[in-house]
Amino acid sequence: MTGWAPRLRRGARLGFDPVRRTPVVLFPEGVLVLNSTAEAVLRSCDGAATVPEIVSVLERRYAGVRAEDVLTVLRGFAARGVIQPEEQA
Amino acid sequence: MTQPPLGLLAELTHRCPLHCPYCSNPVELVVRDRELTTDQWRSVLTQARELGVLQVHLSGGEPLARRDLPELVSHASSLGCYVNLVTSGLGLTEERMADLAARGIEHVQLSVQAADPARADLIAGTRAAKHKRAAANAVRAAGLPLTVNAVLHRGNHDQVGAIIDLAEELGADRLELANTQFYGWALRNRAALMPTKAQLAAAEPIVRAARRRLAGRLEVIYVLADYQESYPKPCMHGWGARQLTVAPDGAVLPCPSATVINTLEFENATRRPLAEIWYESPSFNAFRGEDWMREPCRSCERRSVDFGGCRCQAFMLTGAAENADPVCALSPHHGLVEDAVQPVAELPFVMRG
């Protein structure tokens with residue numbers, strides 16, 4: 001996992017829904033309504049930052065960030081087809 | 001508490017150059033002169049976005065049959081919606097695809113009927129296979145993600161492995177291997193389409209191996225043959241919960257096959273605002289929550305998992321939409337489904353009109 005630098009899959013994009021007043025991620029055949037931490041995780045997925053780097057970016061913004069929680073969130077996004085999975089690092 | 005919908009399935013037309021016997025469109029197709037006008041579709045899209053829809057599936061029939069498709073794509077995209085094109089690929093030239101992509105199509109779902117042209121054309125009821133490669137190339141040239149969708153049934157289940165190879169060759173990002181769900185024309189052809197237990201068992205390890213081999217390159221989604229499962233699917237994630245369908249004539253439906261439930265009266269987008277239909281209409285409220293449930297659903301631990309399955313299937317097979325989906329082994333009507341999966345002699349298809 002150390003080398004994994006997640007990035008959004010082709011066709012996925014972040015947006016803001018003015019109707020729900022929440023950030024969302026839109027992708028082929030799917031929509032996820034995001035909370036602000038999930039949005040921050042996804043915004044860090046630029047294909048360059050590794051998971052530990054993403055964790056340290058989040059630590060500067062949020063208190064009590066745990067690396068294993070970030071990894072769980074990332075794996076959840078990979079399972080939903082939002083970001084490239086780990087094997088492709 | 002009813003939430004706003006996330007998705008809109010816009011069935012722009014029932015016209016289609018293909019005649020697949022498993023088509024989920026209703027057996028009584030909407031004819032061209034009853035289709036919504038361009039302005040009416042624009043209004044549906046605007047209202048859908050205001051209501052909360054973020055994902056629009058432009059489908060049919062064949063959406064390319066609508067001359068105003070480019071204009072509708074531009075409109076849906078300008079509203080901020082993610083716009084999917086669901087197509088047979090017939091008529092999808094590179095030029096047309098480039099224009100649609102520039103107007104805001106973000107993803108294309110392309111159907112294939114089988115792995116080889118002869119079989120595919122037999123199933124489609126027309127010479128369709130030769131157009132698929134050009135269509136896939138056009139999608140890739142436009143830089144868009146491509147989903148290949150193959151409906152599986154007795155007449156092509158033996159080709160699962162070859163269909164996976166075809167999707168890989170076509171450069172797909174996603175492959176949906178969807179066992180036939182028995183609605184519309186598919187219900188009429190149920191006996192001819194029903195896969196055998198042996199076919200389903202043979203497909204399972206092939207799909208599993210492909211998933212492992214293609215991980216990160218081609219996502220393989222396998223939609224189960226629900227008649228052969230012990231529990232029903234969580235159909236639409238619940239009635240009127242996440243998505244709505246607008247039929248070619250403007251009928252507003254909780255799911256594409258809902259019109260089969262002829263005890264409900266469905267409203268039309270040309271006569272009532274979409275938001276009112278979503279939140280207040282008797283048809284959308286009919287099976288929300290759990291109060292409508294009968295036993296065995298009413299006291300079942302799985303009622304929050306599968307919502308009692310599919311209301312249309314319950315209605316079509318048992319005569320009452322409030323019954324448990326008879327796919328469920330706990331349903332007193334489950335014998336109807338067990339009978340339907342018994343092997344029968346080879347039957348001809350009734351092709352879709």
Side-chain angles (χ1 to χ4, degrees), chain A residues 1-36 38-39 41-51 54 70-89, chain B residues 3-9 46-57 59 77 79-86 101 104-110 139-140 142-149 171-176 178 211-221 223 237 242-243 275:
Chain A
M1 87 94 178
T2 45
W4 186 24
R7 62 180 164 82
L8 293 187
R9 277 181 62 183
R10 192 146 61 124
R13 66 173 162 93
L14 280 153
F16 182 83
D17 177 13
V19 176
R20 294 177 181 79
R21 302 185 192 177
T22 55
V24 292
V25 62
L26 307 170
F27 51 104
E29 313 284 343
V31 180
L32 292 174
V33 175
L34 303 171
N35 60 28
S36 63
E39 184 204 13
V41 171
L42 272 188
R43 289 222 178 271
S44 315
C45 294
D46 59 4
T50 62
V51 177
I54 290 171
V70 175
L71 195 59
T72 302
V73 169
L74 286 169
R75 285 182 175 149
F77 282 131
R80 291 297 304 266
V82 177
I83 59 174
Q84 281 294 118
E86 213 165 337
E87 294 80 6
Q88 280 296 290
Chain B
Q3 297 294 313
L6 289 166
L8 166 69
L9 176 66
T46 303
Q47 291 182 61
R49 179 70 278 266
E50 287 168 354
L51 179 55
V53 164
L54 287 160
Q55 181 100 211
V56 172
H57 308 272
S59 182
S77 180
L79 297 166
C81 293
Y82 194 94
V83 190
N84 299 280
L85 178 68
V86 183
I105 291 283
E106 295 187 68
H107 163 245
V108 178
Q109 185 192 117
L110 174 69
V139 175
R140 283 178 26 223
L144 296 186
L146 172 68
T147 293
V148 168
N149 175 286
D173 300 86
R174 300 170 74 250
L175 168 63
E176 291 178 4
R211 277 195 179 137
R212 217 170 22 240
R213 179 171 64 85
L214 298 165
R217 283 191 289 139
L218 171 60
E219 183 187 1
V220 181
I221 296 118
V223 178
H237 304 283
R242 294 194 192 173
Q243 185 168 304

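Bear in mind the structure is a predicted one, so any value in this text is a computation, not a measurement. Each chain gets a letter, A, B and so on, in the order its sequence line appears, and its residues count up from 1. Values below: all heavy atoms of this structure, side chains included; hydrogens, waters and symmetry mates excluded.
- Annotation for A/Arg13: atom CZ counts as buried by contact number, over 12 foreign heavy atoms lying within 6.0 Å.
- B/Arg213 pairs by the salt bridge (charged side-chain N to carboxylate O under 4.0 Å, His left out) definition with B/Asp165, B/Glu168, not counting sequence neighbours.
- The CG atom of A/Leu26 sits 5.5 Å away from atom CG of B/Leu54, with the distance rounded to the nearest 0.5 Å.
- For A/Arg10, the parts lying under 4.5 angstrom from a heavy atom of chain B are both the backbone and the side chain.
- No side-chain heavy atom of A/Val19 sits less than 4.5 Å from a side-chain heavy atom of B/Leu51.
- Contact between B/Leu6 and A/Val33 at its shortest, heavy atoms only, is CD2-CG2, 4.2 Å.
- Between A/Glu29 and B/Gln55, the closest heavy-atom pair is N-OE1, 3.4 Å.
- Between B/Gln3 and A/Arg20, the closest side-chain pair of non-hydrogen atoms is not below 4.5 Å.
- Judged as a salt bridge (charged side-chain N to carboxylate O under 4.0 Å, His left out), and not counting sequence neighbours, B/Arg140 has no contacts.
- Minimum heavy-atom separation, B/Arg49 to A/Pro18: NH1-CD, 3.7 Å.
- Only the backbone of B/Glu50 comes within contact range of chain A, with heavy atoms under 4.5 Å apart.
- If you tally non-hydrogen atom pairs under 4.5 Å between each of A/Gly11, A/Pro28, A/Gly15 and chain B, the highest count goes to A/Pro28.
- Note that the CZ atom of A/Phe27 and the CG atom of B/Asp173 stand 14.0 Å from one another [nearest 0.5 Å].
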